[in-house]
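Chain A is the first sequence line, chain B the second, and so forth, proteins listed ahead of strands; every chain is numbered from 1.
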Amino acid sequence: MKNKEIARIFDELGDMLEFLGENPFRARAYKRASQIIYGLPEDIEKLYKSGKLSEIKGIGESIIQKVGEFIDKGKISAYEEYRSKIPEGLLELLSVPYIGPVTLRTLYKTLHITNFDELIKACEDKLIRNLPNFGPKKEENILKGLLRYKEQSFRFPIGLIYDDITKLLEDVKNIPGVIRAEIAGSFRRMKETIGDIDILASGRNTTEIIRDFTKLPTIKEIISEGETKCSVLLLTGMQADLRVVDDNSFGACLQYFTGSKNHNVKLRGIAKDMGFKINEYGIFKGDELIPCPDESIVYKTLGLPWIPPEMREDNGEIELAQKCNLPKLIEYNDIKGDVHVHSTYSDGGESIKAMAEAAIKKGYEYIVITDHSQSLKIAKGLEIERLIRQMEEIDKINRELAPFKIFKGSEVDIKHDGTLDYPDEILKQLDFVIASIHSGFKDDEKKMTKRILNAMENKYVTMIAHPTGRILNARDPYNVNIIEMCKMASKTNTFLEINAYFDRLDLNDINARIAKEYGVKFCIGTDSHNSIQLNMMIYGIGQARRAWLTKSDIINTKNLQEFTEEIKIKRKKF
DNA sequence: GCCGTTTTCGGCCCGACTGTTTTCAGTCG
Ligand SMILES: Nc1nc2c(ncn2[C@H]2C[C@H](O)[C@@H](COP(=O)(O)OP(=O)(O)OP(=O)(O)O)O2)c(=O)[nH]1
Ligand SMILES: [Mg+2]
Ligand SMILES: [Mg+2]
Ligand SMILES: [Zn+2]
């Protein structure tokens with residue numbers, strides 16, 4: 001799929017136009033198109049060839065022509081033209097705090113800065129302060145921005161900072177005068193990675209609340225501080241934004257601060273057309289303020305149902321809300337069991353029984369124990385004899401823990417030659433067989449896709465785990481053809497996993513939404529290697545909600561009896 | 001560049017904080 005590649009080009013085209021000082025709305029149109037294409041629940045090439053691209057709002061004649069050019073020739077001439085005019089590496093500086101298109105243009109035109117190192121040097125040589133409309137503060141800020149950018153330009157996986165964020169929220173709630181407080185931003189939308197922490201609080205004396213916040217011991221540096229908001233750097237290097245409003249505005253401000261930006265822009269545009277104005281303080285009809293203590297009032301005033309935060313990406317959710325057609329998303333308490341759990345038999349840290357007891361504490365009815373298979377030696381993969389002994393132990397524990405049920409499973413390696421790591425006579429004895437890739441990540445698309453399709457064509461393979469293999473901030477997805485994988489999953493009744501492990505989240509939101517279009521059914525598994533990790537389930541559910549999945553799309557929302565039947569279906573139909 | 005049962009031209013979300021601007025532009029949320 002060329003979606004990502006094309007999206008990246010349009011995003012850069014947007015940057016180029018901003019840098020060149022073109023009409024900012026034109027630049028924004030490219031960025032908008034980039035985001036639409038990135039989040040497209042289909043293959044852009046297919047849409048282009050069937051003429052359906054023009055039906056998408058925000059994609060017009062010029063963009064379609066460029067998409068066509070890229071698909072046919074692998075190049076976009078207008079883009080190449082701009083690229084030859086702008087030094088490589090220059091636009092990267094737009095990601096540096098305090099540097100926007102105007103600043104960058106001045107730096108380039110006057111000091112001929114073209115990259116990170118030259119800009120650092122210019123700051124150190126105190127060349128910046130003398131430029132027109134610049135000064136010593138600006139110079140100092142740019143240097144700080146450069147260092148911050150160098151130190152930490154990546155985004156945090158949501159699971160990695162979940163506890164820190166909830167702790168910070170408690171700190172805010174404990175500030176005297178705070179009435180209500182909530183986490184907003186990408187965290188509330190359950191995005192897989194989080195750029196910064198956004199917290200909203202309500203209270204009367206906003207200035208004092210903000211001052212108290214800046215004195216918290218977890219705060220390293222204040223970036224900005226005013227009467228309604230402040231930005232700080234935490235000791236962890238993360239940025240946190242606090243917004244404080246009167247309690248009557250809490251709902252409107254939560255709506256604003258939850259975003260996404262594109263969702264807000266779309267919503268505000270609709271409000272405007274209807275004769276309203278929305279901002280973070282409320283919704284206005286002329287001069288009259290309609291107070292919004294509750295977020296749903298904002299939506300209700302526009303004749304819309306409340307939209308779950310996970311859907312607020314302007315990916316079509318507002319149109320659906322207008323038709324009162326929002327899906328009923330899977331809820332965080334819908335999960336009845338975990339389908340991807342390791343034990344000390346392979347590389348897990350706790351016994352089967354300990355994992356089962358932790359699952360019982362979470363209110364689950366079942367888990368599937370899925371230790372690694374024999375060829376995965378680094379993870380203590382199970383030889384066949386050990387696997388058989390494990391099955392016997394599971395039988396024994398099941399007698400003790402009934403009616404809770406431990407299913408016999410395995411995470412069977414799809415070997416480099418495309419075969420599975422256990423023979424069928426063994427697989428058929430297992431209740432739930434996971435197949436997954438742990439080697440040969442560099443295979444080309446044809447080979448990698450064939451390996452995975454082969455696995456799905458095995459009668460006994462219940463699910464493909466972490467289907468694209470990506471690791472957040474560490475490894476790109478391997479070259480699997482998502483569409484072919486989805487088609488085969490659907491055809492063979494093989495489930496695809498939404499792996500909830502904090503740095504996998506695989507399938508991700510976009511791919512899961514694509515998979516649903518092809519009729520795929522899912523399980524959410526945590527890939528837990530100890531009992532605390534069972535709690536990562538929420539991140540997987542978050543991605544499922546972001547993919548608009550409902551309870552019926554996800555097999556491990558079924559109760560024990562139904563689940564027992566569901567995992568037999570593929571074998572019966574084969 | 002995109003869009004339109006109020007428009008095919010003239011709009012495109014709205015506001016806070018900072019710095020050097022003596023009245024507001026730039027960046028960011
Ligand atoms: N109306 C409006 N709201 C915005 C704009 N920019 C940001 N917001 C709102 C919506 C965002 O979700 C929220 C927090 O801004 P952030 O920059 O922190 O973005 P967000 O948390 O969505 O993503 P992140 O993970 O931090 O990159 O503020 C804007 O240009 N207009
Ligand atoms: Mg944020
Ligand atoms: Mg923020
Ligand atoms: Zn695993």
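Ile142(A) comes within contact range of no nucleotide atom at all, as no heavy-atom separation falls under 4.0 Å. Looking at heavy-atom distances under 4.0 Å, Glu22(A) makes no contact with the nucleic acid at all. Pro24(A) comes within contact range of no nucleotide atom at all, as no heavy-atom separation falls under 4.0 Å. Among the atoms of the strands shown, none is found under 4.0 Å from any heavy atom of Leu267(A). Val96(A) comes within 4.0 angstrom of sugar-phosphate atoms only, judged by non-hydrogen atoms across all strands, and of no base. Residue contacts shown for Ser231(A) are absent, as no nucleic acid heavy atom lies under 4.0 Å away.
When the nucleotides dG26(B), dG1(B), dC3(B) are ranked by their closest atom to the side chain of Thr103(A), dG26(B) comes out on top. Of all nucleotides listed (dG29(B), dG1(B), dT21(B)), dG1(B) comes nearest to the side chain of Ala29(A). Side chain of Asp196(A), nearest nucleotide from dG29(B), dG4(B), dG1(B): dG29(B).
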| request: Evaluate side-chain contact (heavy atoms from CB on, under 4.5 Å) for Arg83(A) paired with Glu80(A), printing each intermediate quantity in order. | output: CA-CA 5 Å; Arg83(A) 220 159 66 124; Glu80(A) 299 299 332; 3.4 Å; yes
| request: Check the pair Lys49(A), Ile71(A) against side-chain contact (heavy atoms from CB on, under 4.5 Å), reporting the backbone distance first and the verdict last. | output: CA-CA 10 Å; Lys49(A) 292 199 165 134; Ile71(A) 287 173; 4.2 Å; yes
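As rounded to whole Å, 12 Å separates atom P of dT21(B) from atom CZ of Phe134(A). Per the geometry, CG belonging to Asp15(A) stands 14 Å off C1' belonging to dT27(B), to the nearest Å. Atom C1' of nucleotide dG26(B) and atom CD1 of Ile128(A) are separated by 15 Å, given to the nearest angstrom. The CG-P distance, from Asn133(A) to dT27(B), rounds to 11 Å in whole Å. Regarding Ile197(A), its CD1 atom lies at a distance of 15 Å from the C1' atom of dG29(B), rounded to whole Å. Leu94(A) places its CG atom 14 Å from the P atom of dG26(B), with the value rounded to the nearest Å. Atom CD1 in Ile270(A) sits roughly 14 Å away from atom C1' in dC3(B) (whole-Å rounding). The NZ-P distance, from Lys144(A) to dG19(B), rounds to 9 Å in whole Å.
Summarising the geometry, atom NZ belonging to Lys191(A) is positioned 6.0 Å from atom CZ belonging to Arg546(A); distances are rounded to the nearest 0.5 Å.
Comparing the P positions of dC13(B) and dC17(B) gives an interatomic distance of 22 Å, to the nearest angstrom. Atom P of dT5(B) sits at a distance of 23 Å from the matching atom of dG1(B), rounded to the whole Å. Between dT20(B) and dT27(B), the distance separating the two P atoms is 13 Å to the nearest Å. Here, dT8(B) and dC14(B) have their P atoms 22 Å apart, quoted to the whole Å. As rounded to the nearest Å, dG15(B) and dT22(B) have C1' atoms that lie 23 Å from one another. dG11(B) and dA16(B): their C1' atoms are spaced 25 Å apart (whole Å). Look at the C1' atom in both dT7(B) and dC3(B): the space between them is 10 Å, to the nearest Å.
Residues Ile510(A) and Tyr38(A) form a side-chain contact, since some pair of their non-hydrogen atoms from C-beta on lies under 4.5 Å apart. Side-chain contact between Ile514(A) and Ile483(A) is present, with heavy atoms from C-beta onward closer than 4.5 Å.
Contact check, Gln239(A) against dC28(B): no side-chain N or O comes under 4.0 Å of OP1 or OP2.
Residue Gln322(A) qualifies as enclosed at atom CD: its count of foreign heavy atoms under 6.0 Å is above 12. Atom NZ of Lys300(A) has 12 or fewer neighbouring heavy atoms from other residues, nucleotides or ligands inside a 6.0 Å radius.
Of the listed residues (Asn499(A), Asn511(A), Thr468(A)), just one forms a side chain to side chain donor-acceptor pair (under 3.5 Å) with Asp506(A), and that residue is Thr468(A).
Projected onto DNA chain B by closest heavy-atom contact, Tyr98(A) and Ser62(A) fall at different nucleotides, the more 5' of which corresponds to Ser62(A).
In this structure, dT8(B) makes no Watson-Crick or G-U wobble pair, since no nucleotide meets both defining distances under 3.5 angstrom.
The shortest heavy-atom contact between Arg188(A) and Arg312(A) is NH1-NH1, 3.7 Å.
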| note | Counting primed atoms, P, OP1 and OP2 as sugar-phosphate and everything else as base, the B/S/- map of nucleotides 12-18 of chain B against protein heavy atoms under 4.0 Å is BBBBSSS
